[in-house]
Amino acid sequence: MTPVPGARQEEWNVAGQELGFVGVGRMGGLMTERLLAAGHSVTVSDPSEAAVASLVAHGAKRANSAADVAAATDIVFTSLPSPPVVESVALGPDGVVHGGRARIFVDLSTTGPRVAARIAAGLAEHGITAVDSPVSGGLKGAREGTLAVMASCPKDTYEIVQPLLAIFGKLFYIGEKPGSAQTLKLVNNLLAASAMAISAEGMVMGMKAGLDPRVMIDVINVSSGRNSAIQDKFPKSVLPGTFDFGFMTGLSYKDVRLCLDEAEAMGIPMVVGSAVRQMLAVTNALYGPESDFTSIVRSVESWAGVEVRA
């Protein structure tokens, strides 16, 4: 297992490594808590002092920048909101490349395959191996360690980080090509958003026609229309009117736009995906990027003049 030239397997025994985490907000904070609970030493950095202070109170060490994190640790994790931020944290003036110690960079964000490949190439010039490892499962999955964890990187590097990634959830090794896991993550998030959008329209239609929403959900869940939105999101976050599934509209909108951009670059038309992007754009404008992405139902409700509640 040699992620960098000359490294010996015993030097990369995970049990003895210092870990870093840059971006300890909603998702990153929960994943850092799991690393700490598993007994690992973790150095953290984030623009939010409150987020850092909370983890320091649980045993984490504080750093002032990504470079400082990478100077004090062997493996650096990131969970960040956008591709430009990830690229800056990895390759920027205060980025991981300037740390001098870290030799593995594990990005748990959603950036798209082209950005992931660019980051991997930039890090490789400094002897750092990139692990492209987006996750799916929301705040609940991060809190409970039940995320779907996709990873693409050299096989020997995957063997090193595998026990750490397993702390976050179920692992799926996608392959060695940089960005492969990102492609799969974008496809997944497009499908999740599409299910949410079309289910919103169907459920609002049924509600306006006088149907009982719980009966609709019960029937659809044993019929051909069953999907993740009807199965989980409507019962937990829409019918109670809480809209708190745990994934922000702004992030869903970003992921769908990334997916469509990648598809366009590959010459693949995304007719349905384009409509979903517009639905998310409307929801983002009406309820704000920090609203839950289940708020897409509220957009349809406002047009129809009914609410899907029980």
Side-chain angles (χ1 to χ4, degrees), residues 1-4 6-80 85-86 89-90 92 94-109 119 123 126-135 139 141-147 149 151 153-154 156-171:
M1 300 188 331
T2 55
V4 294
R8 298 191 304 274
Q9 179 171 336
E10 59 269 23
E11 293 175 333
W12 286 95
N13 180 355
V14 165
Q17 302 308 309
E18 289 285 335
L19 307 182
F21 212 118
V22 181
V24 290
R26 300 174 79 197
M27 288 289 288
L30 292 170
M31 288 188 277
T32 301
E33 287 179 4
R34 292 196 61 80
L35 291 173
L36 291 167
H40 293 286
S41 174
V42 188
T43 299
V44 300
S45 175
D46 192 278
S48 169
E49 171 57 29
V52 171
S54 174
L55 292 168
V56 168
H58 286 84
K61 304 171 188 176
R62 181 193 308 269
N64 294 322
S65 68
D68 289 344
V69 170
T73 63
D74 303 292
I75 301 172
V76 177
F77 293 86
T78 56
S79 179
L80 299 162
V85 174
V86 177
V89 163
D94 292 318
V96 169
V97 289
H98 300 293
R101 175 175 172 178
R103 287 294 174 263
I104 297 179
F105 175 85
V106 183
D107 183 32
L108 303 157
S109 320
I119 289 172
L123 291 171
H126 296 263
I128 303 170
T129 302
V131 180
D132 166 30
S133 188
V135 299
L139 297 176
R143 184 178 298 108
E144 298 177 0
T146 57
L147 294 168
V149 183
C153 62
D156 51 8
T157 304
Y158 176 69
E159 291 172 359
I160 293 168
V161 299
Q162 186 175 2
L164 295 173
L165 294 176
I167 293 171
F168 305 141
K170 185 175 182 180
L171 307 187

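Note that the coordinates shown come from a computational prediction; the quantities given were computed from them, not determined experimentally.
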Run F21 and L35 through side chain to side chain contact (heavy atoms under 4.5 Å, CB included) and show every step you take.
CA-CA 10 Å; F21 212 118; L35 291 173; 4.0 Å; yes
Please determine whether side chain to side chain contact (heavy atoms under 4.5 Å, CB included) holds for the pair M27 and L147, giving the CA-CA distance in whole Å, both sets of side-chain angles, and the decisive distance to 0.1 Å.
CA-CA 11 Å; M27 288 289 288; L147 294 168; 4.1 Å; yes
Partner of F105 under side-chain contact (heavy atoms from CB on, under 4.5 Å), chosen from V97, D132, I119
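Single pass found, and it is I119.
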Over all heavy atoms of both residues, which pair between [X] and [Y] is shortest? Give the atoms and the distance, please.
X	Y	value
R103	G127	CD-O, 3.0 Å
V69	V44	CG2-C, 4.2 Å
P154	A130	CD-O, 4.3 Å
A38	I167	CB-CD1, 3.8 Å
V24	A51	O-CB, 3.4 Å
S79	G28	OG-N, 3.7 Å

[X] [atom1] to [Y] [atom2] distance, which is reported to the nearest 0.5 Å:
X	Y	atom1	atom2	answer
D107	S133	CG	OG	8.5 Å
L19	L36	CG	CG	9.0 Å
T78	D46	OG1	CG	12.0 Å
L30	F168	CG	CZ	10.5 Å
T73	K61	OG1	NZ	9.5 Å
I75	L164	CD1	CG	5.5 Å

Got L165 and V106 here, is their nearest side-chain heavy-atom distance under 4.5 Å?
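Yes, at least one pair of side-chain atoms sits under 4.5 Å.
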Can you check side chain to side chain contact (heavy atoms under 4.5 Å, CB included) on V131 and F77, steps first, answer last?
CA-CA 9 Å; V131 180; F77 293 86; over 6 Å; no
Does the distance from a Lys or Arg side-chain N to an Asp or Glu carboxylate O, for R101 and D74, drop under 4.0 Å?
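Answer for the salt bridge query: yes.
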Measure from the side-chain N and O atoms of H126 to the backbone N and O of G100, and report whether any donor-acceptor pair falls under 3.5 Å.
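Here the side-chain-to-backbone pair does not exist.
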Could you check whether any side-chain N or O of S65 sits under 3.5 Å from a backbone N or O of D68, counting only pairs where one atom can act as donor and the other as acceptor?
yes
Run the numbers on L55 and E33 for side chain to side chain contact (heavy atoms under 4.5 Å, CB included), then give the verdict.
CA-CA 7 Å; L55 292 168; E33 287 179 4; 3.6 Å; yes
